[in-house]
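To keep things clear, I will list the structure first and then write my remarks on it.
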Amino acid sequence: MSCRKLRDGARGCSQYNIYREEGNCSHFSSSDFSTSLELEGFSVSDTSGTEEDTDSAVLYGTLRGSVVGLRYYTGIVNNNEMVALQREPNNPYDKNAVKVNNVNGDQVGHIKKELAAALAGIMDNKLALIEGVVPYGAKNAFTMPVQMSFWGREENKEAVLDQLKRHGFKLAPPLKGSECDFASKWISGRAGPSYSAPVHAAVQLTPEQLKSEFDKLFEDLKEDDKTCELEGAEAVATLLLPHQKQALAWMVSRENSNDLPPFWEERSNFYYNTLTNFAEKKRPKNVLGGILADDMGLGKTLTTIALILTNFQDGKPLPVQKIPSDKFYEESGTNSMNSVGRRLCKDSNNMMDPGVSNIKKLETAPLKYSSCLPKSDAAKKPRYSGSSDLGKSEDLLLQQTKTTSFVIQDPGFASVLLPPSTSLKRRTKRKGTTSIQSVEKKYSGDDPRTTLIVCPVSVLSNWIDQFEQHIHQDFHVNIYIYYGSDRSRDPSFLSEQDIVLTTYNILATDYGMKGDSPLHKVTWLRIVLDEGHTIRNPNAQQTKAALNLDGHRRWVITGTPIQNSVKDLWSLISFLKLKPFTDREWWHRTIQRPVTMGAPGGLGRLQSLIRSITLRRTKTSKIKGKPVLDLPARKVLIQYVTLTEEERQIYQSVKKEGKAAISRFFSEGTVLAHYADILGVLLRLRQLCCHPRLCINTSSSSFTADSKTPEELHEILVSKMKLVLSSGSDEECAVCLESLTLPVITRCAHVFCRPCIFEVIRSEQRNAKCPLCRSELRAEHLVECPLEGEIDSSNEKKSDQEWISSSKINALMHALIELRRDEPTAKCLVVSQFTTFLSLIENPLKESGFTFTRLDGSMAQKKRVEAIQCFQSSQAGSPTVMLLSLKAGGVGLNLTAASRVFLMDPAWNPAAEDQCFDRCHRLGQQHNVVITKFIVKDSVEENMLKIQNKKRELAAGAFATNKPSASEIKQTKIKEIKALIDL
DNA sequence: ACCGCCGGGTGCC
DNA sequence: ACCGCCGGGTGCC
C-alpha cells in the first residue's frame, strides 16, 4: 500500500507532471491527487504547448552540481542512475528549493541552494527541462554529485544561459557521451568509448526512415514464442482458429506470468532497471496483460471473451455453472436468487444506440432471447474441454441456474429495479481447498472475479452480439451493461458480475463526479480497454479515468496501436502500469526522446518493449507459412450507368440551381456557414442519380437563419443537423476528428460531438468560438439531435404513388437476373445509403420473383436477427437478395452467405464502403466476392469516386503524418465541394 | 585582543 | 564531515 502512495507521489514529482497537473497553481502539493483533479481545467489548455516543447527540445549543455541533505531522506540511488529534479516552491527555508528524487519517486536530497537559486527561475518559467544523473558517489553519506542536462527550445537557450550566468554558472557544451545519458550507455555498451553522441534530432535516421521503422515496429512479433496454442474453455461456444488459440495462449501466459517486466534484471538480491539504473529490493510487478493489436477481423473480441472464460485463476476457467437446457427452462423466471441477472426494462424504442435497444428487448424476454440462437445451431457448435485439466472443475460451479444474462438500463426509462442480491453464494477456491462462503460486500475484496470491459459506444452492441455468439448458452455468465442513467451505483453489485461492460464516456463521466465512481471502487479481476487507442491523449478525462481503475490484469485491445508517433504509446504503457514508465519523465527520457531523436538503440528499446507486451498479426501475417486469414479473392467492378434523357434533365436543372447557390456562397465567403445547405444540394444530386423520386419534397432549407423566432431557429438547426447526419457524408467532428458521437449543432450550423464542443466551451470559458468558423459559441445555444432512431431525410410514405423505375434500378435488375440465370444459388447484397431507395427496389424484385430480405438501421433487433438468419440460411427457397442500408449493423455483422455486392450509390467515405464489403468478405466466406458499384456517368457520383481515391491515398500514407488541423480540414472540405459540383 | 589561533560543536533546503 | 563554518575560549617565548 505504502508503495502505491510513493508511486503516486512520484507521478507528481517529475517536471512533466508539474507542468501538466499544476499549471499556474504550483503552490498546490503535487502529490495530492484530488488537488490535481481540481486543476484539470487549467491543465488542459496549459499542456499542449509543453508537449510540443519536449518534442522539439535541443540539448543546451550540461552542468555538474551537488545534491545535499542526503541523510535526511530515504531515497537511494546507484551510480549512473537517473534522478528527477522537482521544484519545491513552498519549502519554508528556501523558496528556490529543488528536490532530487530517484526513479521510484523517493526523495534523495536537495540541490545545493546556490545552484537551486539559479535553477528555480528556469524551471518555473519552463525555459528548460533539467534532467539529472548521479555519475558517482551515490553511496555518499552527505552529498553527491549530479550531472544535469538542460533541454529546451532553441529560442529559450539564451535566456537559460543568461540566467545561469547571473548566478555564476556556465554550461559545458554537450559533447562527450556522458552528457547524453541515453546515448552514452548505448554507445558504450556496444563498442568501447564514444566520441560524440547525437545531440540534435534525426542524426541517425531521417523522419522518413523513422516512419518506416514505426511501420515495422509491430510486424513480425509473432514468430518467437507466441505460437503456442490453447483451446478455449468449455463455455466458449465457438471453435477458435489457430491464430486465435495462439492469442489465447499468449494472453493466458501473460496473465499467469512470473516474469520480470521488460528492462528489469535480478542482480544479487536486487531488481535492477537497465534503462534508469534504478534498483530496489522489492520485485517490480509485471504487467499481467498487454496489448492485443491484431488487425480488424482477426477476432480480438472473441479472443478476449475466450480469455475471460478460460483464465479465471492460474489457468482455471471462470467458474460458471453449466446447466442442462431442459432444467434451464424449468427454473428460469422462478429463481429469484439470481434476479441480479434480470433487470427488466419496459421498452426500448428510445435508446440512443440502436444496437443496445435491441438487446434490451432480449432482456424483457430472456427465454425468447436464448432461443434467438436456434437450438440446432448451438448443438452444431463443437464442444471441447480446455487444455489438460481445465474446464472440468465441477466443484467450482456457481450455485446459479441461468444462462448468459444481460442487465441493461438505459436513459429515460423506469426500470424495474430489484435490490442487488446479497444472498448470492458462491464457492470459492482458496489454498487448494473449496469452501462455500457468503460473498462479502467488499467490492471484490481480495478475490476479484469481475472483468471490466471499456469500449466506445459504437462497439457496445458489437460486444453484446459477440457475447451472445461466443458464450455457450448452457453456461451462466453474469454480464452487466453499465450504461444509461439507471445504471447500478452499487460497487458490490458490480463486483459480483462476471463481466461488466461500459463505455469510455460513462467511465469518464463517473470519474468526473468526485469520489462517486462505482467503477473506481471495485478491484477488478481484469480490465480490458477495447479500441484502446482512444485513450492516447494523456490529458483526456477518459484516459485519466482509465488509468485510475484498479485491477492487476490490464489489457489494451486495438487495431491501431500507434496512430501518429511514439507519443501515442505512453498512455497505453502507463495504463499497463509498467514500471517505471507510468511516470512520463522516465518514458520520455528512456524511450520517447531517444526514439524521436534517432539515438542509437532508441528504436531497439522501443521494439523490445513492444515485443514483450504486444501481440499483433495482420491479415497477411502467416502461421507456419500459411496466412492467418485465407480469404477468397475480392474484386470491385464499376458499372457505369447513363441517365435517361428525362432523368438527365431533372438532374441538370437541380445541379444548375445548386451550383448557382454554392457559387454565391463562395463569392460571399460563406461556404462554411452554409455547409449543411451545400451538403443538401449534393445530397439531392446523389439521390437523383438513384431515382428521381428520392428527392421530391426535400425541402430546400432556407439559406438564411436571421430574424427567426427561437422555435423556428431550433427547427432549422435540427433539420440541418439531420441533413448533415443523413447525407451519408460521414461527417467527422472537427475537434476529435473522429465520427460524431452524440452530435450537437451550433447556432452557426456546425456539428460536433457533444463532449468535444463542451470541452471547448469549458476551456475557453466566456470567449469560446466555433472551431470551424469562429462564431460565438454558447452552451445554451447548442441543439441536440432528437432521438428518433434512424434518421432519414428522404420522406417515406410514397407508396401510394405509381411505381416507376430508374436507370440505376434497371441496371441492377439486369445484373440480378443475369446472375440468377448463371448462378441460381448465389446470394447478393444490394446496398444503398438511402433506405427509401431500397424500398423502391423492392417493387421490381417482387415483380421478377426474387426472394429477398432486408436489413436497415431502423429495424428492431429481433427482426434484424431474423433477417440475418434467414439470409444466411442455405436452405432452398431462402432469400437470394438482401437489401442492406450501408451503415446497418456494427462491425460484427456477418453476411458471409453473400458472394456478390451491388453498391447502388457511392459513399462519401471509402472506409464506410470497405466496412460494408467486409461484412461478407470475412472469415467464413467460401466464394470469391465480386462487388459492383453503380456509378452514373457525368454526375456527382463520378466526382465522388475521384475524391474517394484521394482519401484512400491519404489514408494509406497517413501512418506517421500528423493529424490535420481544423483549418486543414476546412480547406479539404472546400476543395471537395468544388470538385463535387465542378466549380 | 576592536586581533589570530585553537579546538569543539555542528551540519540541506 | 578525514570537510568548512561558527563562535567561544584564549593570549609571549
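Naming convention: chains lettered A, B, ... in sequence-line order (proteins, then strands); numbering from 1 in each chain.
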### Task
Starting from P on B:dC12, measure out to CE on A:Met144 and report it in whole angstrom.
15 Å
### Query
In whole Å, what is the span from the CD atom of A:Glu114 to the P atom of B:dC13?
7 Å
### Query
Is a donor on one side and an acceptor on the other found under 3.5 Å between the side chain of A:Glu88 and the backbone of A:Asn90?
no
### Query
So, does the side chain of A:Asp94 form a donor-acceptor pair with the base of B:dC13 at under 3.5 Å?
no
### Task
Look at the side chain of A:Tyr73 against the base of B:dC12 and say whether a donor-acceptor pair falls under 3.5 Å; ignore hydrogens and angles.
yes
### Query
Rounded to whole angstrom units, what separation is found between the OH atom of A:Tyr72 and the C1' atom of C:dA1?
12 Å
### No-hydrogen, no-angle side-chain donor-acceptor test under 3.5 Å, A:Asp550 and A:Thr523
yes
### Contact summary for A:Tyr60 and A:Ala128, nearest pair of heavy atoms
CE1-CB, 3.9 Å
### Separation of atom CZ in A:Arg71 from atom C1' in B:dC13, rounded to whole Å
13 Å
### Query
How close or far is atom P of B:dC13 from atom CD of A:Gln86, stated in whole angstroms?
17 Å
### Rounded distance in Å - CG (A:Asn140) to P (B:dC12)
16 Å
### Face-to-face stacking of A:Phe142 with C:dA1, centres under 5.5 angstrom, angle under 30°
yes
### Query
Just how far, in rounded Å, is P of B:dC12 from OH of A:Tyr93?
10 Å
### Task
May I ask you to say what A:Leu70 touches in the nucleic acid, namely base, sugar-phosphate or nothing, with a heavy-atom cut-off under 4.0 Å?
nothing
### Integer angstrom distance from the C1' of C:dA1 to that of C:dC5
12 Å
### Task
Examine B:dC13: is either OP1 or OP2 under 4.0 Å from a nitrogen or oxygen in the side chain of A:Lys113? Give yes or no.
yes
### Over all atoms of both residues, closest heavy-atom pair of A:Lys579 and A:Trp264
O-NE1, 3.1 Å
#### Entry: N-O pairing of A:Arg489 and A:Asp510 below 4.0 Å
yes
#### Entry: Watson-Crick/G-U partner (both atom distances under 3.5 Å) of C:dC3
B:dG11
#### Entry: Distance, rounded to the nearest Å, where A:Lys112 contributes NZ and B:dC12 contributes P
10 Å
